[in-house]
Amino acid sequence: MAGATDIDWDAAVAFGRRAAPTGPRIGRIEAATAVAELRAFSRRAELAVRGVTHLGDGLPVLDGVVVDRPGWIAATAEGMAVLTAPITARFAEQLARRDDKDTRSRGGAHRVAAPSTVAAAPVGTVLGFLSGKVLGQFDPFVGDPAHPGRPGRLLLVAPNIIKVERELGADPQDFRMWVCLHESTHRLQFSAVPWLRDHFQGLVARFAAEADLDPAALVDRLAAVIRSRGNGGVSWIEATQTDAQRVVFDQLLALMTLLEGHADHVMDAVGPQVVPSVAQIRARFTRRRARGGGPVDRIVRSLLGMDLKMKQYVQGGAFVHAVVEQVGMFGFNAVWSSPAALPTRAEIADPAAWIARVL
């Protein structure tokens with residue numbers, strides 16, 4: 001049950017399921033085939049990824065978890081509850097201080113509206129929107145009940161995969177394998193690099209510790225950026241941060257860019273021996289990604305910071321490709337040796353600087 005300062009995740013899931021888009025139309029046999037193939041491909045993909053990355057030798061190979069949109073919403077809410085716990089705690093701390101101040105000024109009790117009821121609707125609406133976009137993801141924070149003792153679970157959203165493969169006119173088996181390669185790379189990153197999960201969670205906790213969630217202060221920071229620089233190239237996410245948060249945010253962004261770029265590189269590096277139509281899929285998918293959706297879709301994506309994620313694929317992929325081209329995959333794998341070896345945000349744009357510093 002949600003406390004007075006928690007997000008009511010059950011309510012958020014309910015909101016999300018109501019907001020999730022419908023479709024595509026899938027017959028029972030087609031659905032069963034897709035589920036079986038995605039499970040099998042998730043295993044095959046990880047073996048192919050290990051061959052390219054030289055990571056994970058000896059680790060068990062597990063199935064992915066195939067879900068529909070409501071299933072993705074529920075699973076993602078579970079992971080978000082773990083990941084956002086430091087932010088929720090920080091929010092509760094600031095609310096308590098403000099409540100104490102109000103109580104003293106009013107000379108009596110002052111009850112603050114529970115964020116659980118306030119936040120569930122917008123959080124759920126965002127989950128509903130994203131449930132129609134995400135093809136798959138690896139959640140390192142919640143385990144798969146089918147594999148107790150193994151951290152994390154790989155989620156594959158079958159209706160979205162089928163929808164996109166139809167839109168691209170792609171070979172279904174090739175496209176499903178291609179998606180599994182990306183998500184299996186993320187799973188291998190966290191399973192083969194023991195410190196990565198705790199490091200990522202620690203950055204989120206540090207980001208939360210530096211947060212100033214006072215609404216007036218948030219508005220003031222955003223207004224100052226707009227006045228001083230016209231918000232030129234600065235996302236609203238960055239604009240509303242404190243100075244201390246920006247330092248941590250740069251580390252988070254560099255890490256996520258590395259992870260996404262590494263997965264994008266591996267998707268293509270496996271070559272046509274694993275995905276025969278990989279070049280065609282990449283070309284069509286890149287064009288689709290560049291076009292985006294309609295105007296409303298583009299506005300929502302911008303507000304959610306999804307444009308940042310698109311840049312991560314491009315910048316991260318370019319970084320990994322440049323380093324691998326110069327020093328090979330074994331040389332690149334020095335990036336996983338310790339947190340200190342991770343590229344900075346500046347080094348993502350300057351691979352030679354990372355090579356000079358780390359290698």
- request: Tell me, with the steps shown, if Phe249 and Arg345 meet side chain to side chain contact (heavy atoms under 4.5 Å, CB included).
  value: CA-CA 10 Å; Phe249 180 79; Arg345 189 173 179 180; 4.2 Å; yes
State, with a plain yes or no, whether a side-chain heavy atom of [X] is found less than 4.5 Å away from one of [Y].
| X | Y | result |
| --- | --- | --- |
| Leu259 | Phe190 | yes |
| Asn333 | Leu55 | yes |
| Val49 | Leu181 | yes |
| Val67 | Leu156 | no |
| Leu62 | Arg187 | yes |
| Val123 | Phe15 | no |
| Val157 | Asp68 | no |
| Leu258 | Trp336 | yes |

Give, for atom [atom1] of [X] and atom [atom2] of [Y], the distance between the pair rounded to the nearest 0.5 Å.
| X | Y | atom1 | atom2 | value |
| --- | --- | --- | --- | --- |
| Leu168 | Gln280 | CG | CD | 9.0 Å |
| Leu255 | Thr344 | CG | OG1 | 12.5 Å |
| Leu47 | Arg44 | CG | CZ | 9.5 Å |
| Glu46 | Asp63 | CD | CG | 10.5 Å |
| Ile281 | Asp171 | CD1 | CG | 7.0 Å |
| Lys133 | Leu130 | NZ | CG | 9.0 Å |

message: With side chain to side chain contact (heavy atoms under 4.5 Å, CB included) as the criterion, how do Val266 and Thr53 come out once you've worked through the C-alpha distance, each side chain's angles and the decisive distance to 0.1 Å?
response: CA-CA 8 Å; Val266 170; Thr53 63; 3.6 Å; yes
Salt bridge present between Arg153 and Glu78 (N-O < 4.0 angstrom):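 Between Glu78 and Arg153 there is a salt bridge, with a charged N closer than 4.0 Å to a carboxylate O.
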Looking at [Y], is its backbone amide N or carbonyl O close enough to the side chain of [X] to form a donor-acceptor pair, meaning the two atoms are under 3.5 Å apart?
| X | Y | result |
| --- | --- | --- |
| Arg43 | Val61 | no |
| Ser42 | Arg39 | yes |
| Arg50 | Leu59 | yes |
| Asp264 | Gly316 | no |
| Arg69 | Gly23 | yes |

Side-chain heavy atoms nearer than 4.5 Å, only ILVMFWY residues, links allowed to pass through others: does that put [X] and [Y] together?
| X | Y | result |
| --- | --- | --- |
| Leu155 | Trp9 | yes |
| Val247 | Met256 | no |
| Leu252 | Leu342 | yes |
| Ile26 | Val134 | no |
| Val82 | Phe200 | yes |

Which heavy atom in [X] sits nearest to a heavy atom in [Y], and how many Å separate them?
| X | Y | result |
| --- | --- | --- |
| Pro24 | Lys163 | CG-CB, 4.0 Å |
| Pro21 | Gly132 | CG-CA, 3.7 Å |
| Val66 | Leu38 | CG2-CB, 3.8 Å |
| Phe175 | Val164 | CZ-CG1, 3.5 Å |
| Ser184 | Ala45 | OG-CB, 3.6 Å |
| Asn160 | Ser131 | ND2-O, 2.7 Å |

task: Test Trp195 against His199 for side chain to side chain contact (heavy atoms under 4.5 Å, CB included), laying out the working first.
output: CA-CA 6 Å; Trp195 53 264; His199 177 68; 3.9 Å; yes
message: Run the side chain to side chain contact (heavy atoms under 4.5 Å, CB included) test on Met267 and Thr185 for me, step by step, so that the C-alpha distance in whole Å, both residues' side-chain angles and the decisive distance to 0.1 Å come before the verdict.
response: CA-CA 8 Å; Met267 289 170 82; Thr185 303; 5.8 Å; no
task: Not counting sequence neighbours, list each pair that qualifies as a side chain to side chain donor-acceptor pair (under 3.5 Å) and has a residue in residues 350-359.
output: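 As it turns out, the side chain to side chain donor-acceptor pair (under 3.5 Å) pairs with a partner in residues 350-359, which skip direct neighbours, are Glu347-Arg357.
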- request: Evaluate the criterion salt bridge (Lys or Arg N to Asp or Glu O under 4.0 Å) for residue pair Asp268 and Arg282; output intermediate values, then yes/no.
  value: CA-CA 8 Å; Asp268 297 334; Arg282 167 57 72 189; 2.9 Å; yes
His321 atom NE2, over 12 foreign heavy atoms within 6.0 Å: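 12 or below, so no.
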- request: Using a cut-off of 6.0 Å, state whether more than 12 heavy atoms not belonging to Glu167 lie near its atom CD.
  value: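 Yes, because the 6.0 Å sphere around CD of Glu167 holds more than 12 heavy atoms from other groups.
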query: Are Gln137 and His186 linked by a side-chain donor-acceptor pair shorter than 3.5 Å?
result: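 Their side chains do not contain a donor-acceptor pair, so the 3.5 Å distance test is not met.
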message: Considering only residues two or more places apart or on different chains, which pairs with a residue in residues 174-183 satisfy salt bridge (charged side-chain N to carboxylate O under 4.0 Å, His left out)?
response: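 Every salt bridge (charged side-chain N to carboxylate O under 4.0 Å, His left out) pair that includes a residue of residues 174-183, provided the two are not neighbours, is Glu37-Arg176, Glu165-Arg176.
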- prompt: Between Phe332 and His262, what is the ring plane arrangement, given parallel below 30°, perpendicular above 60°, and tilted in between?
  reply: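 Phe332 vs His262 ring planes: parallel.
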